[in-house]
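Note that the structure is a prediction, hence the values are computed from the model and not measured.
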Amino acid sequence: MGSNFRILPKHITLEKLILLLFVVFSSTHLQAQVFQKVTVTNDLNIDRSEVIAIQRSLLHTTVKKHAKKAFRIKREGTDSYLPTQWYDSDFDGVEDQVLLHVNIPAGSILSYDIVLDSTRGASSSMVKTAVFKHNGQIYWENESVVFRTPERSKSKPSAFDFGIKPSAQALESQLKKYKNKELPFQSLVSDVSHSLGLGATAVLKDNVLEFAEKIEKLEILAAGPIRTVFLLYYPTWGSQKIGEIKRISIDKSALFISVDVFMTQPSKALGYSIVAEGVLSQAKLTTDSRYYHLQTRKGEQELVQTVFFPYENPKDVQTFSADPALGTHTLFSYKPKDRFTFAVAYQLIPKTSAAAFKEWEQTVKNFELCRSNPLKVALKLPRE
């Protein structure tokens, strides 16, 4: 039996097999070659979950050449690739950044490897940011929260509604229902009726509140999964024929969404209205630096709406009362400008829990602290 038993076919000798294995090993080694190292430094004494940007201009020449098909990032010492997103930071039609979401402990430095590998993609995940239309509403969301605004609204300013995503257990139940396929976005919305609305632009003229009644167009500038950016175009509105475009940005895991408002015909009376869902909502406004907290009681819970104005002088923003019949408790009025910027976040807390509100206040202060002290991102060659 010994002379007739062969492990290899006749045309493959042991020497050829060794050579073939060497070629395969060499190919795999090249695919996993580390071209650059990325270090992310958190100088603050708080844990952070944020999106960072890597400038395309700083990438290795070989990486830039094959970036669109084979660019991958992985944690140093691991073999799983992380989700990334090519991003046009100045919206000029050229993708000049790579976005990456990181979770980094307080006072830590994390290291990542940049490799080229066209054979495998990033780890699959249903978590992402997105914007979409559904039943006359425009929604935008990440894995924690969802916002919406009506495409048409005649009864009150078209402010932002808000909802909290279901728990992880509820999501698991939904996954089973859809047989582990990617869920439709609207199935992740547990209850948008918690919303009180913040973000509408309005003019108070002769004690009459003027505002846009519809959205003319939605234009998506970046479609996720790490960051979604889009434009809302409004037709001219009000007695002053104001033109308005909102640019809204939502990041993965972010509590705050960023809103830039571009205007024509700016007015001294121009402001952002906080819209409540009824005149009995017992709104209370408190001010802390550049933050405004609006607490509104909803059954056994209070919804805290927090708006942040990134201006050097908080006195640039003033508050005054508006028509409660529209559910509008406060307008934030500005000096005449053609562009305004703010960020907004929401949180539900038990109405009797002072500790929960203080915790939220600390979360908000941490947001400003992180905004003022961005994570440090550095690239270097592996041998450096």
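For the pair D47 (side chain) and A106 (backbone), a donor-acceptor distance under 3.5 Å is present. Judged purely by atom type and a 3.5 angstrom limit, N373 has no side-chain atom pairing as donor or acceptor with the backbone of L44. Remark: the backbone N or O of L58 is paired with a side-chain donor or acceptor of Q36 at under 3.5 angstrom. A donor-acceptor pair under 3.5 Å links the side-chain atoms of R48 to the main chain of C370, judged by distance alone. Between the N103 side chain and the S49 main chain, no donor and acceptor come within less than 3.5 Å of each other.
Both V98 and L375 are part of a single hydrophobic cluster, where members link through side-chain heavy atoms under 4.5 Å apart.
Rounded to the nearest 0.5 angstrom, L116 CG and K69 NZ are separated by 12.5 Å. Separating the CD1 atom in I245 from the CD atom in E219 is a distance of 8.5 Å, to the nearest 0.5 Å. To the nearest 0.5 Å, atom CD of residue E244 and atom CD1 of residue I215 are 9.0 Å apart. Distance check, rounded to the nearest 0.5 Å: CG of L59 to NZ of K65 gives 15.5 Å. I250 contributes atom CD1, which lies 4.0 Å from atom CG of N142 (distance to the nearest 0.5 angstrom). Taking CD of E361 as the start and CZ of F357 as the end, the distance is 4.0 Å to the nearest 0.5 Å.
Within a 6.0 Å sphere centred on CD of E216, heavy atoms belonging to other residues, nucleotides or ligands number more than 12. With a 6.0 Å radius and a threshold of 12 heavy atoms from other residues, nucleotides or ligands, K376 has its NZ atom at or below the threshold. The environment of D92 atom CG is dense: over 12 non-hydrogen atoms of other residues, nucleotides or ligands sit within 6.0 angstrom.
A parallel orientation is assigned to the rings of W140 and F147, their planes being inclined by less than 30° (bins at 30° and 60°).
Geometrically, K217 engages Y233 in a cation-pi contact, judged by NZ or CZ lying under 6.0 Å from the ring centre and within 45° of the ring axis. Judged by the 6.0 Å distance and 45° axis criteria, R227 is positioned over the aromatic ring of Y87. Y112 carries R75 over the face of its six-membered ring, with the cationic atom under 6.0 Å from the centre and within 45° of the normal.
With hydrogens and angles left out, the side-chain atoms of T129 and T228 include a donor and acceptor closer than 3.5 Å. At a cut-off of 3.5 Å, with distance as the only test, no side-chain donor of S108 or N42 sits close to an acceptor on the other residue.
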Go through the steps for I138 and V131 under the test side chain to side chain contact (heavy atoms under 4.5 Å, CB included), then give the verdict.
CA-CA 7 Å; I138 295 174; V131 57; 4.0 Å; yes

How far apart are the C-alpha atoms of D88 and L221, what are their side-chain angles, what is the distance that settles it, and do they pass the side chain to side chain contact (heavy atoms under 4.5 Å, CB included) test?
CA-CA 8 Å; D88 178 4; L221 301 178; over 6 Å; no

Audit row: K74, D113, salt bridge (Lys or Arg N to Asp or Glu O under 4.0 Å) steps and yes/no:
CA-CA 5 Å; K74 61 188 182 73; D113 293 337; 3.4 Å; yes

Checking K133 against E151 for the salt bridge (Lys or Arg N to Asp or Glu O under 4.0 Å) test, could you report, in this order, the C-alpha distance in whole Å, the side-chain angles of both residues, the deciding distance, and whether it holds?
CA-CA 9 Å; K133 290 184 180 182; E151 292 187 79; 3.5 Å; yes

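Ring centroids of F71 and W86 are separated by less than 6.0 Å, placing the two rings close together. Aromatic ring centroids of F211 and W237 lie 6.0 Å or more apart.
With sequence neighbours left out, the side chain to side chain donor-acceptor pair (under 3.5 Å) criterion links T39 to no other residue. Residues satisfying the salt bridge (Lys or Arg N to Asp or Glu O under 4.0 Å) criterion with E213, sequence neighbours excluded, are absent altogether.
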